[in-house]
Each structure stands twice: as structure tokens, then as C-alpha cells.
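Working notes, structure below.
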There are 2 protein chains.
Amino acid sequence: MNSTAKNCAALAKRLTDSGLRPTPQREVVFKVILEKRDHPTADEIFARVKSQMPTISLATVYNCLETLVQCGLVRQVNLERAPTRYCPNLHEHAHFHDDATGQVHDINLPADTLKQLRSLLPPGFDASTVELAFRGSKGSARAKLAEGRAAARSGAN
Amino acid sequence: MNSTAKNCAALAKRLTDSGLRPTPQREVVFKVILEKRDHPTADEIFARVKSQMPTISLATVYNCLETLVQCGLVRQVNLERAPTRYCPNLHEHAHFHDDATGQVHDINLPADTLKQLRSLLPPGFDASTVELAFRGSKGSARAKLAEGRAAARSGAN
DNA sequence: ACAAGGATTTAGAATTATTCTAAATAGAAC
DNA sequence: GTTCTATTTAGAATAATTCTAAATCCTTGT
Ligand SMILES: [Mn+2]
Ligand SMILES: [Mn+2]
Ligand SMILES: [Zn+2]
Ligand SMILES: [Zn+2]
């Protein structure tokens, strides 16, 4: 059983567990989100799905996305007021929005960091979700090395 | 010199420093944001401002808000896909969105916490902004005390 | 097999926060 | 006072998302 089949099976289980049907549309939407984990928007997902299923409608893509989110298989990512993006990474993680390229990267969040953040809340505040987003630019590794050397020099002064 | 006059002077300075004019519209928009720091939306600000300046337009409110944000006097707060809210708290802080009441509360963020969060980024990632938002419910102090006692009991088992 | 009946999909209209456009107004500078 | 530019204003436009209502699909019961 390959990875796609396994994911499909997991999707089918989640859906039927919620009393929903595993339809071809839901499967193909989920598949394209898993295929290229670049946090696509609904429009981008629509475009990718259409190449495999030319008759699907944008409304259906929105409907499927809502279903996948409700089943807990996909997470919505809202950055500023840009169109909602969709992420199949189910681990607790933050997002880094690269201003230069527009790309969105996953940033791993250790469990203890999450706990620390929750501990900042005053008594009585009970957070069901914590969202952390960075915005900036992702320099090249080469630029970063040079930056590091400059910092070392200035620190040595 | 009272607080309102001081804020107006600060606003005028920021504006003229940026080559912009301190207009009555900009002043009144800034004033209502400072008056009730409840993270109002543009529509709410429009309603509050209209009572003092009935001829102002919504477009002007949006224009003034954009100006205030660019001058660094007000911060935009985007939570999920709800209308943008505006916050005059210039300290680094996070937001807590109370699902039950819809209220948005400021959460203080220690400087070292911010540094820790930035340190989660892989080399090459340079964040110009870090946004942290909690969502949940704010129980009453009474409920919170009971919760604490229950936790103590279960911990003692 | 056939007939409900409900779930899902679909196209297109509606919604809504925000931005844009272009004309009117206000104010500063000369 | 005239000119020049910034600002305000009303209304149109935009764009992501949601809604509506009809068509299609599937399951279930007979
Ligand atoms: Mn961007
Ligand atoms: Mn809410
Ligand atoms: Zn992600
Ligand atoms: Zn705030």
C-alpha cells in the first residue's frame, strides 16, 4: 500500500467517522494539499485539482476544504489579510512568511515552548489555540554566514 | 497640558516628521482609538468618530488608519478572517481573542520570550515581525479557582 | 430492481471588508 | 490672491468567501 492509498484510507476513515462520505472531490482536494506542501490558497488548490478533475467547481473546493478542516486533517493559515492558505502539517508549528518570495514555511514548535507561551496568560485565560507567525526575509545561507562573521568581529571589538 | 493634548501633540509631531498634515480627521480618529482601547474595527471607529464629526466618511477613516499605522502610532490586529482591528498599545504584546464575548485582550510579552521565539527560526530566517495570538475563553475568576482546586485534588491522587 | 430521501456538487448570485477613482475642498507656499 | 499639492469625500470597483437553489449522486428500504 503506497502513501497516497494510505492517506486516502485515513481520509475515508475520518470522514465516515464523522458521518460524511469519502467523495472523489474530497479525495483529490486532500491529495493535492499533501502533494505539494506549500500552503496553497483555495484558488491555487482549485487550479491544481482542475487538471485532474476538470469538472470540479470552486464552490466544491471551498466545501471540501471546510470539511477537511472540520475533520482535523488540514489546518487553515491566515496571514494578515491575504487569502486563507491550507496546511496538512498536523504537528504544532508556527509559520514564517517570506516577504520577498511570498512563500510560507513551517517552523517547528517544541512542546515546552507552547507551554511557556500559555503560561504568559493571566489567570482565567484559557487558550484553546495558539497561533504564532513570523514575517521577514529568508537570506541565503551565504549571506547569513557573512552576517555571522560580521557579528563575531563587532563582538570582538 | 492634559493627556489628550499631549497625544495630539505627539500625533502632530509624527505626522509633520513624515511630511504629512495633522488634520482634524486624523486627530479625531487617533483620539477615539486611544479613548477606548478595545481593538475596534474600522466600522466601529467610524461610528464613534461620526458622533464627534458627523461629516466624516468611511473612506477617510480608512485613510487615517492607514496613515496612523504607517506612522507607527497604531497597530493592525488581524485575527482569523475577521475585520481588521486597531490597537494603540505600542509595547510588544500578544492578543487573546475571547470566543465567548468577541473581546480582544492585550497580553504582555516579555522581551526574552520574544528573543526565545526568534531563536526557533532556522539559520537564514530573519523575522522583522512576530505575531502571537491566542484564542479561547476567559472564565470567571471563581470558575478558575474551582478549576485550580480540582487540579490540586487530582494531582494529589 | 426500484423508489425515496438525504448528502453532495455545481453555477451563479450575494455578501462584505477594503481599495480605488475622480471630483471637491482645504491649506500651505509663493 | 493665485497656484500647487495634500486631503477628504461619495460612490464605484474589487476580491475572497459564503449563500442559494437546482442538479446529481449514493444509500437505504421495499
Ligand atoms: Mn507578502
Ligand atoms: Mn470570535
Ligand atoms: Zn504549516
Ligand atoms: Zn493590542
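In what follows, every chain begins at residue 1, and chains take the letters A, B, ... in the order their sequences are listed. Excluded from the calculations below are hydrogen atoms, water molecules and symmetry mates; all remaining heavy atoms, backbone and side chain alike, are included.
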For atom CZ of A/R21 and atom P of D/dC26, their distance in whole Å: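 The answer, rounded to whole Å, is 8 Å.
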For atom CZ of A/F46 and atom P of D/dT18, their distance in whole Å: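 Rounded to the whole Å, the gap is 16 Å.
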Under 4.0 Å from any atom of DNA chain C, heavy atoms only: list the residues of [range] that qualify, in numerical order.
range: residues 49-73 of chain A; answer: A/T55, A/I56, A/S57, A/A59, A/T60, A/N63
range: residues 76-87 of chain B; answer: B/P83, B/T84
range: residues 26-43 of chain A; answer: A/R26

Identify, with sequence neighbours excluded, every residue that meets side-chain hydrogen bond (donor to acceptor under 3.5 Å, both in side chains) alongside [X].
X: B/K50; value: none
X: A/N78; value: A/T84
X: B/Q116; value: A/Q116
X: B/T60; value: B/S57

Reported CZ-to-CD1 distance for the pair A/R75 and A/I33, which is rounded to 0.5 angstrom: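 CD1 of A/I33 is found 13.5 Å from CZ of A/R75.
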Interatomic distance, B/R26 atom CZ to B/L65 atom CG [nearest 0.5 angstrom]: 11.5 Å
ring-ring contact (aromatic ring centres under 6.0 Å, His included) contacts touching residues 24-45 of chain A (sequence neighbours left out):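 For residues 24-45 of chain A: A/H39-A/H95.
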Test ring pair (Phe, Tyr, Trp, His ring centres under 6.0 Å) applied to A/F96 - qualifying residues, sequence neighbours left out: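 With neighbours one apart ignored, the set is B/F125.
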Polar contact flag, side-chain donor to acceptor under 3.5 angstrom, B/K138-B/Q103: no
Qualifying salt bridge (charged side-chain N to carboxylate O under 4.0 Å, His left out) pairs, either residue in residues 106-117 of chain A, two or more places apart: none
Listed once per pair and sorted, the salt bridge (charged side-chain N to carboxylate O under 4.0 Å, His left out) pairs that draw on residues 51-66 of chain A, sequence neighbours left out: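 Listed once each, the pairs would be none.
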B/Q76 CD: over 12 foreign heavy atoms closer than 6.0 Å: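 More than 12 heavy atoms, drawn from other residues, nucleotides or ligands, come within 6.0 Å of this atom.
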Terminal contacting nucleotides, 5' and 3', DNA chain C versus chain A (heavy atom, 4.0 Å):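 The contact span of chain A on DNA chain C goes from C/dG6 to C/dT18.
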Salt bridge present between B/R135 and B/E80 (N-O < 4.0 angstrom):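 A salt bridge links B/R135 with B/E80.
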